[in-house]
Amino acid sequence: MFGYVDSVITISKCQPPLIAPEELAEDNISTAATSPGPITQASNSYTDSLYGVAFPLLAIINQISELAHRRKDRVDELSELWFRQSAARIKMCLEAWEPEIVSPLQRPSQNQELIDAAYAIQWASILRLHQVVEGYNRSDRPVIESTSKILDHISKIRFGSPAESILIFPLVMAGSGCQDDEQRMMVRERWMVMERTIGFDNIYRARQMVEAVWKEVDEGILDGSNDGGVKVNWAKIRYSDFPGLVLF
């Protein structure tokens, strides 16, 4: 639970995690050694409820947040080289990740929805990593591809599915990369359903933030700001206008 909350805060605020994944792993081993009975089923239950089959991505997302925090250190050619090499290693881990088999106790349809949600989070993480390294240009090919992949996987998840509870981060990332009104409509429609079925305040505020991003994009198209609306920094909008917003 702590690892989950830690990851939520770090990706939302571009801060390094409070505790390293290795320390959490050591703590899990210690807990298993002192537990009077098997904990496998409990662990599966926590994994499914907190993060679906995308739970192993927490450690990689923490690395992205750590890298985002280190952007201030890009001051010369050597530090830039280190930064890009670190990003390349993280990207390699993201692209190599595959979802594990979901609990057989769940219905096949629920399993597939968790898998699609996991892939949406994977592509959202790839998009976020690109933004951390290269900035917020929506016309970049990785942004276009990642946004399309996120929305493709989310479209396979039925409205009202339990998997919707872990779609805030992917939807924010897809919203930041939307290329046209059709993609915006897909994001907006899912937000509105989640507001009714889940109802947490962070879902409503996240949608408000995405709408604020789109407003700045549209204003840029009209007046030429933000390179004609192509380069709108959603993280800056979150920081200045939506403090405390958590993306999960």
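All residue numbers in this chain count up from 1 along the given sequence.
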Non-hydrogen side-chain atoms of [X] and [Y] separated by less than 4.5 Å:
{"X": "Met185", "Y": "Arg188", "value": "yes"}
{"X": "Val187", "Y": "Val172", "value": "no"}
{"X": "Lys236", "Y": "Asp241", "value": "no"}
{"X": "Glu145", "Y": "Trp123", "value": "yes"}
{"X": "Arg205", "Y": "Gln208", "value": "yes"}
{"X": "Val132", "Y": "Ile64", "value": "yes"}

Will you find, in the side chains of [X] and [Y], an N or O donor that is under 3.5 Å from an N or O acceptor?
{"X": "Asp76", "Y": "Ser79", "value": "yes"}
{"X": "Gln179", "Y": "Ser148", "value": "no"}
{"X": "Arg89", "Y": "Ser86", "value": "yes"}
{"X": "Trp234", "Y": "Gln131", "value": "yes"}

#### Entry: Test log, rule side-chain contact (heavy atoms from CB on, under 4.5 Å), inputs Leu151 and Gln183
CA-CA 8 Å; Leu151 293 176; Gln183 289 187 336; 3.7 Å; yes
### Task
Begin from the C-alpha positions of Ser125 and Arg128 and carry the test side-chain hydrogen bond (donor to acceptor under 3.5 Å, both in side chains) through to its verdict.
CA-CA 5 Å; Ser125 302; Arg128 181 59 188 145; over 6 Å; no
Looking at [X] and [Y], does any basic side-chain N land under 4.0 Å from a carboxylate oxygen?
{"X": "Arg184", "Y": "Asp218", "value": "yes"}
{"X": "Asp73", "Y": "Arg70", "value": "yes"}
{"X": "Glu113", "Y": "Lys156", "value": "no"}

With a 4.5 Å cut-off on side-chain heavy-atom distances among I, L, V, M, F, W and Y, is there a chain of contacts connecting [X] to [Y]?
{"X": "Leu245", "Y": "Met192", "answer": "no"}
{"X": "Ile90", "Y": "Leu81", "answer": "no"}
{"X": "Ile168", "Y": "Tyr204", "answer": "no"}
{"X": "Trp82", "Y": "Val133", "answer": "yes"}

### Task
Might you confirm whether atom CZ of Phe200 has over 12 heavy atoms from other residues, nucleotides or ligands at distances under 6.0 Å?
no
### Query
Around atom CD of Glu77, are there more than 12 heavy atoms of other residues, nucleotides or ligands at under 6.0 Å?
no
If you round to the nearest 0.5 Å, how far is [atom2] of [Y] from [atom1] of [X]?
{"X": "Ile126", "Y": "Trp97", "atom1": "CD1", "atom2": "CH2", "value": "10.0 Å"}
{"X": "Met194", "Y": "Ile203", "atom1": "CE", "atom2": "CD1", "value": "4.5 Å"}
{"X": "Ile154", "Y": "Ile121", "atom1": "CD1", "atom2": "CD1", "value": "9.0 Å"}
{"X": "Arg238", "Y": "Ser176", "atom1": "CZ", "atom2": "OG", "value": "13.5 Å"}
{"X": "Glu66", "Y": "Gln63", "atom1": "CD", "atom2": "CD", "value": "9.0 Å"}
{"X": "Gln122", "Y": "Leu127", "atom1": "CD", "atom2": "CG", "value": "12.5 Å"}

Would you name the heavy atoms of [X] and [Y] that are closest together and state the gap between them?
{"X": "Ala120", "Y": "Ile150", "answer": "O-CG1, 3.8 Å"}
{"X": "Phe159", "Y": "Val193", "answer": "CD2-CG2, 3.6 Å"}
{"X": "Leu67", "Y": "Phe83", "answer": "O-CE1, 3.3 Å"}
{"X": "Leu57", "Y": "Leu94", "answer": "CD2-CD2, 4.1 Å"}
{"X": "Ala87", "Y": "Leu129", "answer": "O-CD2, 3.6 Å"}
{"X": "Arg158", "Y": "Glu164", "answer": "O-OE2, 4.0 Å"}

Please check: side-chain N/O of [X] versus main-chain N/O of [Y], any donor-acceptor pairing under 3.5 Å?
{"X": "Thr147", "Y": "Ile144", "result": "no"}
{"X": "Asp227", "Y": "Val230", "result": "no"}
{"X": "Asn233", "Y": "Ala235", "result": "yes"}
{"X": "Trp214", "Y": "Gly175", "result": "yes"}
{"X": "Ser161", "Y": "Ile157", "result": "no"}
{"X": "Arg74", "Y": "Arg71", "result": "no"}
{"X": "Asp140", "Y": "Val143", "result": "no"}
{"X": "Ser146", "Y": "Pro142", "result": "yes"}

### Summary
Contacts of Arg84 meeting salt bridge (Lys or Arg N to Asp or Glu O under 4.0 Å) (sequence neighbours excluded), chain-then-number -> Glu80, Glu134
#### Entry: side-chain contact (heavy atoms from CB on, under 4.5 Å) assessment of Arg190 paired with Met186
CA-CA 6 Å; Arg190 181 67 67 163; Met186 292 176 66; over 6 Å; no
### Query
Given His130 and Lys91, is the side-chain contact (heavy atoms from CB on, under 4.5 Å) satisfied, shown in steps?
CA-CA 9 Å; His130 176 81; Lys91 184 179 180 181; over 6 Å; no
